[in-house]
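These figures come from a predicted structure and were not determined experimentally. Numbering of residues begins at 1 and proceeds along the displayed sequence.
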Amino acid sequence: MTKFDYAPAPESRAVVDIHPAYGLFIGGRWVEATGVPFKTISPATEEVLADVGEASPADVDAAVRAARTAYTRVWSRMPGADRGKYLFRIARLLQERAREFAVLETLDNGKPIKESRDVDIPLAAAHFFYHAGWADKLDYASLGPNPMPYGVVGQVIPWNFPLLMLSWKVAPALATGNTVVLKPAETTPLTALLFAEICQQADLPPGVVNIVTGAGATGQAIVEHPGIDKIAFTGSTEVGKAIARSIAGAPKKATLELGGKAANIIFDDAPIDQAVEGIVNGIFFNQGHVCCAGSRLLVQESIADEVDRRLKRRLEHLRVGDPLDKNTDIGAINSKVQLQRVSDMCAVGEAEGAARWDTGCALPSKGFWFRPTVFTGVSQTHRIAQEEIFGPVVSVLTFRTPHEAVAKANNTPYGLSAGIWTEKGSRILWMADQLRAGVVWANTFNRFDPASPFGGYKESGYGREGGRHGLAAYVTTEATK
């Protein structure tokens, strides 16, 4: 079989206006940052998209004070039904400007436009719709007696799903009556800054949402600010541990959604072609830049060779290239730093004796690119089976019995997600009960819904986002005071 040749089908960049420079969104208006500006670039072309202001500790302090004023004077006093109207308005505006957000996300992040268009932006709007419905029903959400907001929430989000992670955090915070100081990742700030325009367009009261940009120092200033009542963080386990140490002993609550090393488990009775599609979606979606990616493939020994053959045949038909092309399957790695991390981990895998295979496809001359890669002959002690790579790389291990599959799947410091592929419902239920993972998918992978809670165990963090469980992370009750 040969790969079909498609004519280029690029999405137009003209649908979005990128300003040459951006400030900070504090108190409902744009202000100049006092830190040193930095550049955000397109990982597909390395072109500079915009200069972005870096928030200093003084800027963070101004944002926290604006959030506190909005909380005490307006937002915490507003009836839930009225808060819900603002969230509904934001959701509708996201839908109306969906194409604009999708193009900007792809430009700044490097993910294929079909993923931004069909997954990220619709799900972001869905989270605001969902939480808008909860805003006036918190007393009936089994959150405890008289649920009350914490106050000012500091939120730090990653670069892999910039707008979607923003919606996961901002929507429940606002629905429960909190105000927000949010920092997007320094490599992908643009959709968060465009979201600030949505807040203005929705007439959200000034100070309810404040967006400050910067790198690690800005995030640290948010975490350590005494005016922050709760921290919500998604990112690396290393930074999550540093946050936990920083707030230990302080009257601050936190939810931490950290790294993962998910096992995608294929039994010998699974429909192989369907499972192969699940493997591809599990690890090569968003270039593998997914905390819950199925980066460990556990295949029952009797079908290992057949799965390997069909998987490699499928990967040879994936298109790596221009993320704005609607035919592209694999976009650009988000940054030069991340590309080096992926390359280094693959070199480690080879040095440890695993067999490396990639598609050998041509890569663009500019930008940050990595071919879909499969490692076989991997053992539990290999670093590529234990450490998060966060790229389009899957490590294949085998097992003989369900008990061995569980033992290998749980043999990791992480516990965020897992997948099970089998025709036996009883096996699915037994496996799901045994796996130490916050989310377990059955005969699918990477499926999300605003009503379903998401979160992990062990070094994958604590707390849940989404669903009624996610609301609980943003309220305190009389019983917990």
Side-chain angles (χ1 to χ4, degrees), residues 67-68 70-91 123-157 164-182 204-205 208-209 227-234 240 243-244 247 250-258 415-416 438-440 448-457 460-481:
R68 180 65 62 187
Y71 174 75
T72 56
R73 296 183 181 179
V74 181
W75 200 246
S76 64
R77 300 183 179 185
M78 186 179 292
D82 291 338
R83 291 199 305 269
K85 291 177 183 177
Y86 281 105
L87 267 69
F88 274 122
R89 196 177 300 169
I90 290 171
L123 264 179
H127 272 271
F128 279 98
F129 276 123
Y130 174 79
H131 288 95
W134 270 118
D136 62 346
K137 304 174 184 68
L138 299 178
D139 289 332
Y140 310 100
S142 301
L143 301 175
N146 191 26
M148 300 293 293
Y150 281 111
V152 178
V153 179
Q155 301 180 327
V156 181
I157 59 175
L164 184 56
M165 292 296 100
L166 178 150
S167 71
W168 277 30
K169 288 176 169 52
V170 172
L174 299 193
T176 50
N178 299 278
T179 55
V180 166
V181 177
L182 178 136
L204 194 68
V208 172
V209 171
I228 295 290
D229 301 304
K230 173 191 162 57
I231 297 295
F233 171 78
T234 296
I243 291 173
I247 65 175
K252 286 182 183 177
K253 302 296 182 181
T255 51
L256 304 175
E257 195 267 281
L258 310 176
L416 190 54
V439 178
V440 179
F448 302 96
D449 189 278
S452 178
F454 181 87
Y457 295 101
S460 290
Y462 48 80
R464 294 294 181 265
E465 294 182 303
R468 183 178 57 81
H469 304 74
L471 291 170
Y474 286 93
V475 298
T476 183
T477 66
E478 292 178 352
T480 59
K481 288 180 180 178

**Asked** Can Y462 and L258 be said to form a side-chain contact (heavy atoms from CB on, under 4.5 Å), step by step?
**Response** CA-CA 8 Å; Y462 48 80; L258 310 176; over 6 Å; no

**Request:** Give the C-alpha distance, both sets of side-chain angles, the deciding distance and a yes or no for side-chain contact (heavy atoms from CB on, under 4.5 Å) between Y150 and T176.
**Result:** CA-CA 9 Å; Y150 281 111; T176 50; over 6 Å; no

**Request:** List the steps, then state whether side-chain contact (heavy atoms from CB on, under 4.5 Å) holds for Q155 with L166.
**Result:** CA-CA 8 Å; Q155 301 180 327; L166 178 150; over 6 Å; no

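By the 4.0 Å N-to-carboxylate-O rule, R77 lies too far from D82 to be salt-bridged with it.
Between G154 and I228, the shortest heavy-atom contact is N-CG2, 3.6 Å. Nearest approach of L256 to G240, heavy atoms of both residues: CD1-O, 3.6 Å. Considering every non-hydrogen atom in both A81 and D136, the closest pair reads N-CB, 3.5 Å. The shortest heavy-atom contact between G151 and N178 is N-OD1, 2.9 Å. Closest approach of G84 and A132 over heavy atoms only: O-CB, 3.5 Å. Taking each heavy atom of A91 and A125 in turn, the nearest pair found is CB-O, 3.7 Å.
Between atom CD1 of residue I90 and atom CZ of residue F128 there is a gap of 5.0 Å, rounded to the nearest 0.5 Å. Note: F129 CZ to F88 CZ = 7.5 Å, rounded to the nearest 0.5 Å. Once rounded to the nearest 0.5 Å, the distance linking CZ of R73 with OG1 of T179 reads 13.0 Å. In this structure, CG in D139 is found 11.5 Å from NZ in K137, a value given to the nearest 0.5 Å.
For Y86, the ring-ring contact (aromatic ring centres under 6.0 Å, His included) partners at least two apart in sequence or on another chain are W75. Taking the salt bridge (Lys or Arg N to Asp or Glu O under 4.0 Å) definition, one finds that E257 meets it with nothing, sequence neighbours left out.
No side-chain heavy atom of V208 sits less than 4.5 Å from a side-chain heavy atom of V74. Side-chain contact between D229 and R68 is present, with at least one heavy-atom pair separated by less than 4.5 Å. You'll find the side chain of T234 stays beyond 4.5 Å of the side chain of I157, heavy atoms only.
Side chain of N146 to main chain of T477: no donor-acceptor pair is present (N/O by atom type, distance under 3.5 Å, no hydrogens or angles).
Of the options E465, K169, R464, K230, a side-chain hydrogen bond (donor to acceptor under 3.5 Å, both in side chains) to T255 is made by K230 and by none of the others.
The side-chain hydrogen bond (donor to acceptor under 3.5 Å, both in side chains) analysis of residues 124-135, with sequence neighbours excluded, yields the pairs H127-W168, Y130-W134.
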